[in-house]
Amino acid sequence: VACNTRRYHSLLCAALHPPAGRHVLLSRIGEVIQLDGSQLTYELSINQFGDDMHPKGYQHLQEFHLADTARWVYQVENVRIEKELLLCWGRNLSGVRYTVHPGQRRVRLELLPFVAMRDFHALRHGTDATFQLHSWGRHVTITENRLFLQLMSDRAEWQEKPYWWYGHLYAVERFRGLDFTEELWNPGRFIMEASGEPQTVTIWASSEPVDMPDWVKQLAARRERIEESSRGLPPDASEPVRKLWCAADAFVVEKHVPNSPPGKTIIAGYPWFMDWGRDTMIALPGLLLERHRFEDAWSVLSVFASHVSEGMIPNRFDDYTGEPHYNTVDASLWFIHACFEYLKKSGDRVRFEQVLRPACEAIVDGYRNGTRYFIR
């Protein structure tokens, strides 16, 4: 129901050095509604403070749907409000669109962004952050040290009103015995008034300066990518297989390697894992080779091949430095298996012989002679 229960939950968690450098920039948006000029307010968001939930937006929630967007439908008296979240493909850009069906009422919608601007493993404590706030028209930029967040709206007017909210509680973090409370900063609010015909307003959040995105084009780009992912799917595939086939793309991400063009890698899991050697090599045949994504598979394998050391591939790359860590007994063996599956499926013997076979032979030699941690 859109209540953040972990430090990783947010509307914009940006990988600033893909797939590493992840930062929670925009934590959530609070929605406040007034009808017909009344001072009485209704709120749609849900947060936990201590053992209490505030506000209790779930009382107005009627429906939830997950397709190209995540969509919530709320009913406030006789006013219907639809909220959609769109995560733009391949970009650190997210959009939240509200469609207000006023009926015979006059509706005032206030949208309050709550900013974290922190490493995704950390939590923000205290109110000593050095936020720099700049706004013009319907655009807002917030900087803190090297972090940047741009907020903008296509219709709502911006009203600057900085304020700290204390004691956000993340229930899953508390259950796991971790630090579980946080302070979030609300720099102001976007305000829109609606009456008569249904009206939409979109809030965009980006980790870099951008022009106002087009919702329809961004949604079409996402749908086009999903459609492209479904190519090669067996015509008699069941619905669960179809969903898994398309969902596989969420784990194949861009990887930036110093002094090389961007390539591809496989994320071991969300919300925090990077590309781990064992997980990557086990998953690669299904995620890439069965779907005939041979160039992506080559990109992944060649990166790991270039990091073979003493007969071992990395178990993982550091979240912050990107340096390889060598501490796994079997990832290198899974790498050999993945390389030969690549040769069998793609028929690419030239690159296999030039790059992958030497890496495999180095692994065999390393295991035969003995390598780190008495692996032999």
Side-chain angles (χ1 to χ4, degrees), residues 1-6 9-12 24-65 69-86 94-116 124 138 140 151 153-171 180-195 198-205:
V1 291
C3 179
N4 290 351
T5 59
R6 300 219 63 180
H9 294 167
S10 64
L11 294 177
L12 180 60
V24 172
L25 302 181
L26 178 62
S27 178
R28 63 184 181 89
I29 293 178
E31 302 98 353
V32 179
I33 295 167
Q34 293 175 297
L35 301 178
D36 301 324
S38 169
Q39 295 303 306
L40 179 65
T41 60
Y42 303 87
E43 298 190 56
L44 304 184
S45 58
I46 310 163
N47 306 285
Q48 186 167 355
F49 298 92
D51 291 326
D52 295 325
M53 304 299 292
H54 175 80
K56 297 179 173 62
Y58 57 83
Q59 296 175 338
H60 307 293
L61 183 63
Q62 302 291 305
E63 304 170 29
F64 175 76
H65 306 274
T69 63
R71 185 167 69 96
W72 297 260
V73 180
Y74 299 91
Q75 191 79 22
V76 177
E77 293 192 12
N78 56 350
V79 175
R80 178 183 171 95
I81 300 170
E82 300 173 19
K83 172 183 176 180
E84 292 182 272
L85 170 63
L86 171 62
S94 61
V96 185
R97 167 166 284 198
Y98 298 85
T99 302
V100 181
H101 300 262
Q104 302 301 312
R105 312 297 292 271
R106 287 187 297 110
V107 180
R108 178 183 173 93
L109 176 63
E110 299 187 2
L111 303 171
L112 288 68
F114 285 82
V115 173
R124 183 166 290 286
R138 298 168 180 162
V140 183
L151 301 170
S153 173
D154 56 352
R155 295 195 59 188
E157 300 299 328
W158 174 252
Q159 182 183 91
E160 189 172 310
K161 192 176 181 180
Y163 195 78
W164 281 95
W165 284 52
Y166 303 92
H168 289 79
L169 187 148
Y170 303 126
F180 58 85
T181 61
E182 178 168 45
E183 278 70 67
L184 294 175
W185 189 57
N186 167 225
R189 60 195 63 198
F190 291 98
I191 302 172
M192 184 191 81
E193 297 193 357
S195 60
Q199 298 181 41
T200 63
V201 58
T202 306
I203 306 297
W204 293 99

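As a basis for the values below, the full set of heavy atoms in this structure was taken, side chains included, without hydrogen atoms, waters or symmetry mates. As the structure is a computational prediction, the values presented were derived from the model and not from experiment.
Put simply, CG on Asp154 and CZ on Arg97 are 6.5 Å apart, with the number rounded to the nearest 0.5 Å. Of the inter-residue distances, the one linking Leu11 atom CG with Ser27 atom OG reads 7.5 Å to the nearest 0.5 angstrom. A distance of 13.5 Å separates CZ in Phe180 from OG1 in Thr5, rounded to the nearest 0.5 Å. Interatomic distance, OH of Tyr42 versus CD of Glu77, reported as 3.5 Å (0.5 Å rounding).
Results of the side-chain contact (heavy atoms from CB on, under 4.5 Å) test with Leu44 over His60, Lys83, Lys56 single out His60 as the only residue that passes. Exactly one of Gln104, Arg105, Arg106 qualifies for a side chain to side chain donor-acceptor pair (under 3.5 Å) with Asp36. That residue is Arg105. When each of Asn4, Asn47, Asn186 is checked for a side chain to side chain donor-acceptor pair (under 3.5 Å) with Arg28, only Asn47 meets the rule. The only member of Leu26, Leu12, Leu25 that meets side-chain contact (heavy atoms from CB on, under 4.5 Å) when paired with Leu151 is Leu26.
Taking each heavy atom of Val24 and Ser10 in turn, the nearest pair found is CG1-CB, 3.6 Å. Looking at every heavy atom in both residues, Phe49 comes nearest to Gly167 through CD2-O, 3.4 Å.
With salt bridges taken as basic N to acidic carboxylate O contacts below 4.0 Å, one links Glu193 and Arg108.
At a cut-off of 3.5 Å, with distance as the only test, a side-chain donor of His101 or Glu82 sits close to an acceptor on the other residue. Side-chain contact, Glu31 with Tyr74: no donor N or O sits under 3.5 Å from an acceptor N or O.
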